[in-house]
Amino acid sequence: MMASELQKPTKKNRGFYVKMRILHKGRQPEKSLFFKYYKWVLWFSFTLYFLTSFFIGNKSISLSKSRVSGSKSSLASRVLFESVNKTSHKSKPKNPASFKDLKIFIYELPSEYNEDWLSNKRCSNHLFASEVAIHRALMNTYNLRTFDPYEADFFFVPVYVSCNFSTVNGFPAIGHARSLLSSAIQLISTNYPFWNRSQGSDHIFVASHDYGACFHAMEDRAIDDGIPEFLKNSIILQTFGVNYKHPCQDVENVLIPPYIAPESVRKTLEKAPLTGNRDIMVFFRGKMEVHPKNISGKFYSKRVRTEIWRRYNGDRRFYLQRHRFAGFQSEIVRSVFCLCPLGWAPWSPRLVESVALGCVPVIIADGIRLPFPSAVKWSEISLTVAERDVGKLGMILEHVAATNLSTIQRNLWDPAVTRALLFNDHMQKGDATWQVLDSLYHKLDRSYSRSRVSSQ
């Protein structure tokens with residue numbers, strides 16, 4: 001018993017203490033000796049306790065299990081250093097309640113897989129840039145990110161494959177995507193145990209291209225090439241999605257929106273508020289071929305855009321432009337309806353731009369699957385017109401404008417809708433990265449570490 005726990009003398013028990021002092025008279029040396037050793041035992045016990053608590057709370061990673069060599073310093077040593085320093089010194093926002101203890105480990109790959117591509121500023125701002133945006137957001141989400149791969153539910157592999165811009169037309173060339181990804185997987189599977197133990201089923205990749213992980217802009221070629229074998233067991237975050245069977249979504253996937261820079265939206269809305277005057281009834285700016293080319297038996301946009309141009313060019317209700325204009329967002333924010341027809345692929349960045357700038361999206365892409373339906377009630381904020389009904393577009397939009405337009409706009413202008421479709425460098429509750437994590441949380445059955453715990 002510690003001295004602090006002894007009861008203080010009172011009138012009632014003072015006699016007892018006097019008797020005890022008399023009985024123990026002559027044993028003072030033994031008592032002093034006892035307390036001398038007792039103090040040392042107590043000090044040693046507390047020291048051992050605090051040291052044990054510290055090492056358990058700051059569990060390090062076995063270098064023998066996670067050492068990675070390459071052109072840069074050992075990834076394992078960086079993981080070890082950051083697990084002790086970053087997690088203990090940064091202020092950390094709390095996890096959203098629905099994610100509970102979800103943990104994601106981010107591989108720190110050599111810079112040729114990601115950072116080197118950022119030398120071109122377009123890499124982090126073009127329509128495929130969600131691969132960069134998601135990486136940045138996860139890096140900044142400290143409580144969901146773990147530096148200990150042995151406690152991770154999922155493993156994020158940050159490879160930027162859409163920043164190789166063509167010198168001919170300026171569009172991203174993704175012919176190198178398969179070899180770059182294959183090289184990254186070779187690296188992590190050789191130097192870490194985590195890919196091999198699950199065959200990659202708890203590993204996450206971003207494929208923000210026309211046909212997702214098929215890595216080709218033309219559908220027939222994308223289908224022929226298919227999803228690489230080395231990705232077929234993983235989780236793909238991709239912009240491509242249809243509501244029928246398709247080889248390019250025949251993989252565990254989360255459908256994500258194309259990237260639109262939140263800063264560009266904010267600047268546009270500073271000049272023209274969401275609820276301001278909209279003097280353009282129907283808007284579209286983009287590629288509309290008058291004489292569409294036959295490419296391998298396919299026509300761009302299945303001729304839908306050509307039909308829009310032929311029927312409505314010159315119609316005073318339609319503001320149609322075929323050429324690029326850097327300030328096109330200022331036109332969207334002035335428009336009531338924004339056409340979102342398919343291109344080579346069914347999805348388009350116009351979907352996000354229209355929503356973010358308060359213009360009712362008119363989706364013309366049969367069978368398209370839209371991102372985050374639990375957060376964005378697409379049927380309440382947009383219109384869907386069948387490709388075969390493009391000729392009736394004027395009549396359909398006139399009818400909506402005369403009946404339920406105000407209800408659609410009220411739903412569309414809810415800030416939560418726009419938030420769900422935009423990626424931020426620092427994740428906000430309800431934004432696009434948050435929606436991705438929410439989707440991953442519902443795939444925890446793919447987590448190797450969880451399955452090991454549940455089976456024990």
Side-chain angles (χ1 to χ4, degrees), residues 59-87 102-118 123-124 130-163 176-208 213 228 230-238 251-252 254 427 433 436-437 440 443 446-450:
K59 183 172 51 179
S60 62
I61 303 162
S62 169
L63 295 182
S64 64
K65 292 184 179 178
S66 58
R67 185 174 299 279
V68 174
S69 301
S71 58
K72 299 217 161 187
S73 60
S74 165
L75 301 188
S77 63
R78 280 190 285 177
V79 170
L80 178 60
F81 174 79
E82 290 178 8
S83 67
V84 175
N85 292 280
K86 287 188 179 179
T87 57
L102 179 67
K103 293 293 181 185
I104 296 178
F105 178 77
I106 303 170
Y107 286 108
E108 292 201 19
L109 301 176
S111 62
E112 56 262 33
Y113 292 97
N114 41 59
E115 290 179 14
D116 287 354
W117 295 100
L118 296 175
C123 184
S124 57
S130 54
E131 61 185 7
V132 179
I134 293 171
H135 184 202
R136 284 179 174 171
L138 292 179
M139 292 279 282
N140 291 326
T141 310
Y142 306 118
N143 269 18
L144 292 170
R145 180 186 180 187
T146 179
F147 294 92
D148 180 353
Y150 290 95
E151 70 173 15
D153 296 304
F154 296 110
F155 297 79
F156 184 76
V157 188
V159 182
Y160 304 165
V161 301
S162 63
C163 295
H176 68 302
R178 292 169 185 263
S179 60
L180 192 64
L181 286 162
S182 176
S183 171
I185 292 172
Q186 178 67 25
L187 180 70
I188 62 177
S189 63
T190 301
N191 295 285
Y192 287 87
F194 312 108
W195 174 272
N196 295 326
R197 72 181 187 181
S198 69
Q199 299 303 303
S201 67
D202 50 6
H203 282 57
I204 302 165
F205 298 83
V206 181
S208 51
F230 54 76
L231 287 181
K232 284 188 174 180
N233 204 35
S234 297
I235 301 170
I236 310 297
L237 311 181
Q238 62 179 44
V251 64
E252 190 71 27
V254 174
M427 185 180 74
T433 305
V436 168
L437 292 172
L440 291 174
K443 298 181 185 294
R446 297 178 68 87
S447 167
Y448 179 88
S449 61
R450 297 271 178 149

Judged by atom type as modelled, is there a donor-acceptor pair below 3.5 Å linking the side chain of Lys103 to the main-chain atoms of Asn143?
yes
Which heavy atom in Ser189 sits nearest to a heavy atom in Asn196, and how many Å separate them?
O-ND2, 2.9 Å
Salt bridge present between Glu108 and Arg145 (N-O < 4.0 angstrom)
yes
In chain order, what residues pass the side-chain hydrogen bond (donor to acceptor under 3.5 Å, both in side chains) check against Gln199, with sequence neighbours excluded?
none
dist Leu437:CG -> Leu138:CG (nearest 0.5 Å) comes out at 6.0 Å
Working to the nearest 0.5 Å, report the span between CG of Asp202 and CD1 of Ile235.
7.5 Å
So that I know where these two stand, are Tyr192 and Tyr107 an aromatic pair - ring centroids less than 6.0 Å apart?
yes
Do Ile204 and Phe155 come within less than 4.5 Å of each other through their side chains, counting heavy atoms only?
no
Intermediate values then yes/no, salt bridge (Lys or Arg N to Asp or Glu O under 4.0 Å), Glu115 and Arg136
CA-CA 11 Å; Glu115 290 179 14; Arg136 284 179 174 171; over 6 Å; no
Any residue meeting side-chain hydrogen bond (donor to acceptor under 3.5 Å, both in side chains) with Gln238, in chain and number order, not counting sequence neighbours
none
Is the shortest heavy-atom distance from the side chain of Glu131 to the side chain of Val161 under 4.5 Å?
yes
Does Thr146 form a side chain to side chain contact (heavy atoms under 4.5 Å, CB included) with Ile106? I'd like the steps, not just the answer.
CA-CA 8 Å; Thr146 179; Ile106 303 170; over 6 Å; no
What pair of heavy atoms forms the shortest contact from Arg178 to Phe230, and how long is it?
O-CZ, 3.4 Å
Who are the side chain to side chain contact (heavy atoms under 4.5 Å, CB included) partners of Ser201, not counting sequence neighbours?
Ser198, Asn233, Arg446
Side chains of Ile104 and Asp153 in contact at under 4.5 Å (non-hydrogen atoms):
no
Identify every side-chain donor-acceptor pair in residues 179-188 under 3.5 Å, counting partners at least two apart or on other chains, and give the distances.
| residue | atom | partner | partner atom | Å |
| --- | --- | --- | --- | --- |
| Ser179 | OG | His176 | O | 3.0 |
| Ser183 | OG | Tyr113 | OH | 2.5 |
| Gln186 | NE2 | Thr190 | OG1 | 3.3 |

List the residues meeting ring pair (Phe, Tyr, Trp, His ring centres under 6.0 Å) with Tyr160, not counting sequence neighbours, and say none if there are none.
His135
Under a 3.5 Å cutoff, is there a donor and acceptor pairing between the side chains of Ser111 and Asp116?
yes
Could you tell me if the side chain of Tyr150 sits less than 4.5 Å from the side chain of Pro193, heavy atoms only?
yes
Quick one, His203 and Phe156 - any side-chain contact, counting heavy atoms below 4.5 Å?
no
Who pairs with Ser124 by side-chain hydrogen bond (donor to acceptor under 3.5 Å, both in side chains), at least two apart in sequence or on another chain?
none
Listed by chain and number, what are the side chain to side chain contact (heavy atoms under 4.5 Å, CB included) partners of Ala133, not counting sequence neighbours?
Tyr259, Phe423
What distance separates Leu102 CG from Ser447 OG, expressed to the nearest 0.5 Å?
8.5 Å
Below 4.5 Å, heavy atoms only, C-beta onward: do Phe105 and Asp148 meet side chain to side chain?
no
Using only atom types and a distance under 3.5 Å, with no angle test, would you say the side chain of Ser449 pairs donor to acceptor with the backbone of Ala152?
yes
Which residues share a side-chain hydrogen bond (donor to acceptor under 3.5 Å, both in side chains) with Asn114, sequence neighbours left out
none
Check Val251 against Ser234 and note the closest heavy-atom contact, atom names and distance.
CG2-O, 3.5 Å
Of all heavy-atom pairs between Ala213 and Pro228, which one has the smallest distance, and what is that distance?
O-CD, 3.2 Å
Taking the side chain as every heavy atom from C-beta outward, state whether Phe205 and Leu237 have any pair of such atoms under 4.5 Å apart.
no
